[in-house]
Amino acid sequence: MKNPGKEERASIAKKITEAIAELEEQIAQLQTNTQPISPENSIGRVSRMDAINNKGVSDAALSNRKSRLAKLKMALSKIDEPNFGICDRCGNAIALPRLMYMPESDSCVHCAR
Ligand SMILES: [Zn+2]
């Protein structure tokens, strides 16, 4: 199996660019949900608890997305390198469907397990 050729890389690059745009939008959205919660009781005790719970969820979602974003940017910067699409661990080519679905993956499906 060979790693992606020029055209395949072009479609992967497009995929990455789209994913980055989507993530940046989600991150911006989540950041508005993760503002510090005011200690005032003006919003009421129950809604304050809700706000704290929501904030916890948003914080986790935010850090997930931030780390995926960093990996995608890394993948995009390496897309023209000769070893792009080669598994870091075993040196085999990563299957194209996997690269399309998860362009940030640096190992093949076998090694990722
Ligand atoms: Zn591998």
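For ligands, and for the atoms within them, numbers begin at 1 and follow the listed sequence. Scope of the values below: all heavy atoms of this structure, side chains included, with no hydrogens, waters or symmetry mates.
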Backbone N or O of Pro82 within a donor-acceptor pair of the Asn3 side chain at under 3.5 Å? yes

According to a hydrophobic-cluster definition based on side-chain heavy atoms being under 4.5 Å apart (Ile, Leu, Val, Met, Phe, Trp, Tyr only), do Met102 and Ile12 belong together? no

Enumerate, atom names and distances included, each donor-acceptor pair closer than 3.5 Å involving a side-chain atom of residues 65-73, sequence neighbours excluded.
| unit_1 | atom_1 | unit_2 | atom_2 | d |
| --- | --- | --- | --- | --- |
| Arg65 | NE | Gln26 | OE1 | 2.6 |
| Arg65 | NH1 | Ala61 | O | 3.3 |
| Ser67 | OG | Asn64 | O | 3.3 |
| Arg68 | NE | Glu104 | OE2 | 2.6 |
| Arg68 | NH2 | Glu104 | OE1 | 3.4 |
| Lys73 | NZ | Glu24 | OE2 | 3.4 |

For the atom pair CE (Met100) and OG (Ser105), what is the distance rounded to the nearest 0.5 Å? 12.0 Å

Any donor-acceptor N/O pair, Arg9 side chain to Gly85 backbone, under 3.5 Å: no

Could you please tell me which protein N, O or S atoms lie under 2.8 Å from the Zn ion (ligand 1)? Cys87 SG, Cys90 SG, Cys108 SG, Cys111 SG

If you measure from CD1 on Ile79 to CD on Glu8, what distance do you get to the nearest 0.5 Å? 11.0 Å

